[in-house]
Every structure is written in structure tokens, then in C-alpha cells.
Protein chains: 2
Amino acid sequence: MRRKTAEEYIEAIFRIQLNEGGKASTGMIAATLGVSPPSITEMLKKLEREGLVFYEPHAGVRLSQKGQRIAERLSMRHALLASFFQSIGVSPERAERDACQIEHHISEETIARIDEFMQKCRDEKKGEPFV
Amino acid sequence: MRRKTAEEYIEAIFRIQLNEGGKASTGMIAATLGVSPPSITEMLKKLEREGLVFYEPHAGVRLSQKGQRIAERLSMRHALLASFFQSIGVSPERAERDACQIEHHISEETIARIDEFMQKCRDEKKGEPFV
DNA sequence: GATCTAATTTAGGTATACCTAAATTTTTAA
DNA sequence: TTAAAAATTTAGGTATACCTAAATTAGATC
């Protein structure tokens, strides 16, 4: 299976923090990402070195401000993309999955244009799907 | 720098074959991808083992039918995505670059919906940009 | 046709994200 | 409070896409 990126780790931690409130545990992250606990420990150390999380062995991990900003940016992109895909008739599950991938690879500019476009469509026909 | 995927190798070979007609050389692929020639040689052997290319040492490489199908599919996705992004006001360069990334991560279903959507917009206002 | 040059491959090595097994720490329960 | 169970980390190893340097092969020039 494909290797997980730092962004995927950050997203997993972000969601666990939201659901559980507070810190994310090694085991939860491992389960979320489908990666073994030792690999998680290793990666958490790396993310800490990069200033993305605060990690205390045996106690859990939480996002730093920098990590939080990245997670929130990804979260917004995700929501926008999933919403757009559904608007043009993509199934909710597929829209969700595609958003999950594409949020990591799309530029700020294109995100902004999709956002404007959705807004424009909402203004024209209120609430109706585009298609 | 990020590691190149098999799909990126296939695309590079595809474009070189088109431009040069016939086979792609190790050197051309290396220059296209920004990867050293020895790494290219290594990867070509792997792609051959996977049935994606025909590779003859010192003579060059060309896509197998399987490789060709993948390249053409990526090429179509790329064109559709770049066209869509430009339609909503993304700059040509950015549209191009984003398409280059996203073509690898978007589902068949979403591609189909974007295609239909573009078609519908063309039918309504002929030739005008969407925004 | 021999030699010189350029392209390619071989050889050997690095970094990194993963893994399993074993050791340790923390938590739970008797 | 201590023993058992669960979670986590440490130790050690693998696979792979990359690299540089050296060897080889192919093509050009004299």
C-alpha cells in the first residue's frame, strides 16, 4: 500500500482530537491510517521535529498551531471539494473519497475559483443542484 | 523531491514517443522527469516486468498496449480537467499544473460527471466561458 | 576501421516509511 | 498493592526509489 504523507497524519490526528477531545493516541492513529503502532511512534517524532505536533511518549500527541493551520486548511478544501462534486451529481461516498485525495494536490488558485463558482451558482438558482 | 509514480513514467514516455516518434531514450526520460539516468534504467526494468513497456537496453523503450491504454486515459483526464479549470477562470498555467496532479487521483465517476457538466454548460451558452 | 565521445548501464550506497518481535510502561482488576 | 493485561516504544530489519562513480556499449569522426 501507498505510504502516508505528513498531511495524512495531520488529518488523522485532527479528526481524532475532534472526536475524542484533547489528544490522539498512537493506537487510534494506527487504526485510522492502517499503519502499525511502531510506525506511528516513529512518524510522530518526525512530525514533532518539524514543529507540526507536540508529542509526549506514552501520553499522546496534539497538533501545534502550525499543524492546526494545515489541518484546518485541508478540512476546508475537503468540504468545498466534496460539496462541489456532489453538486454535479457524484455520489456522496465517491465525492468524499475523491475530496480526500484531491485536497492534497489542488492549488490555492483553483480552490478559490471553485469556491467562487459555487457561490455564483447558489446566487442564480437558490439551493437547486447544478444538474 | 517527491518520488515519481509509475504513471508519471508512463506519461513521460508517452509524450516523448509522440514528439520524437518511435521510442523514448533513457536520457530524454531522465531530463523530462528530473531523475538521474541510472534511476530511469532501473525503473524501466520494473515497468517491463509489470508489462507496461517494452524495453531494450541501449535501444530505448516504448509503451506496451497496457501502458498505452493508461497513458491515453491519463491524457484524456488531463485535457478534461485543464479545460474545466480554465472554464471557471483558473489561469492556463495553473490549470495545466493542477490537471497534471489531479488526473492521478480522481475517480472515473467524478471524471464522468465533470464531462457531462461541461457538455451541459456548452449546450446552454454556446462557447461562452462559465463565469 | 580505429579511436574518441556520448549515452547508457552496472555497482554500490543512502534515506525513509514501513514491518515484526521484544521490551517497557501504563492501566486495570483482583 | 500487586499481578495481569493492554498500550506503547525500542530494536532490528525490509523494500524501494533515488543517488554518484565507474564500466560498458553505441555512435561519430578522422
[atom1] of [X] versus [atom2] of [N]: gap in Å, rounded?
X     : N      : atom1 : atom2 : value
B/E42 : D/dT16 : CD    : C1'   : 8 Å
B/K4  : D/dC18 : NZ    : P     : 6 Å
B/M1  : C/dT16 : CE    : C1'   : 17 Å
A/Y9  : C/dA17 : OH    : C1'   : 7 Å
A/R2  : C/dC19 : CZ    : P     : 13 Å
B/I29 : C/dA7  : CD1   : P     : 15 Å
B/E7  : D/dA17 : CD    : P     : 14 Å
A/R3  : D/dA15 : CZ    : C1'   : 7 Å

Atom pairs under 3.5 Å, N or O on each side, protein against nucleotides 2-6 of chain C: can you list them with distances?
none

Worksheet item: If you count the non-hydrogen atoms of other residues, nucleotides and ligands that lie under 6.0 Å from CD in B/E56, is the total more than 12?
Response: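 Incorrect, the count does not exceed 12.
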Fill in: Contacts of type side chain to side chain contact (heavy atoms under 4.5 Å, CB included), residue B/R94, not counting sequence neighbours
A/S107, A/E109, A/T110, B/V90, B/S91, B/R97, B/D98
Discussion item. I'd like to know if the side chain of A/E72 and the backbone of A/R69 have a donor-acceptor N/O pair within less than 3.5 Å.
Written reply: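 Checked: no pair found.
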Worksheet item: For the side chain of B/K46 and the backbone of B/A6, is there at least one donor-acceptor N/O pair under 3.5 Å apart?
Response: no
Worksheet item: How would you list all residue pairs meeting ring-ring contact (aromatic ring centres under 6.0 Å, His included) that involve residues 26-46 of chain B, not counting sequence neighbours?
Response: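 Output for this query is empty, none listed.
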Discussion item. If you apply the rule salt bridge (Lys or Arg N to Asp or Glu O under 4.0 Å), what do you find for B/E48 with B/K45, and how did you get there?
Written reply: CA-CA 5 Å; B/E48 167 138 79; B/K45 287 178 189 168; over 6 Å; no
Atom pairs and distances, side-chain donor-acceptor, residues 73-80 of chain B, under 3.5 Å, sequence neighbours left out:
residue, atom, partner, partner atom, Å
B/R73, NE, B/E108, OE1, 3.1
B/R77, NH1, B/E103, O, 2.9
B/R77, NH1, B/I106, O, 2.8
B/R77, NH2, B/I106, O, 3.1
B/R77, NH2, B/E108, OE1, 3.4
B/H78, ND1, B/E103, OE1, 2.6
B/H78, NE2, B/E96, OE2, 2.4

Practice prompt. Counting heavy atoms from C-beta on, name the nucleotide in C/dC19, D/dC18, D/dT20 closest to the side chain of B/S36.
Written response: D/dT20
Worksheet item: Closer than 4.0 Å, any side-chain N/O of B/K46 to the OP1 or OP2 of D/dA17?
Response: yes
Worksheet item: Taking it one step at a time, do A/E7 and A/I10 satisfy side-chain contact (heavy atoms from CB on, under 4.5 Å)?
Response: CA-CA 5 Å; A/E7 287 193 350; A/I10 288 175; 5.5 Å; no
Anything under 3.5 Å between a donor and an acceptor, one on a side chain of residues 24-37 of chain B, the other on a protein residue two or more places apart or in another chain? List them.
residue, atom, partner, partner atom, Å
B/S25, OG, B/M28, N, 3.1
B/T32, OG1, B/M28, O, 2.7
B/S36, OG, B/S39, OG, 3.0

Expected rows: protein N/O vs nucleotides 6-9 of chain D N/O, under 3.5 Å:
residue, atom, partner, partner atom, Å
D/dT8, OP2, A/G27, N, 2.8
D/dT9, OP1, A/Y55, OH, 2.2
D/dT9, OP1, A/H58, N, 3.1
D/dT9, OP2, A/T26, OG1, 2.8
D/dT9, OP2, A/T41, OG1, 2.5

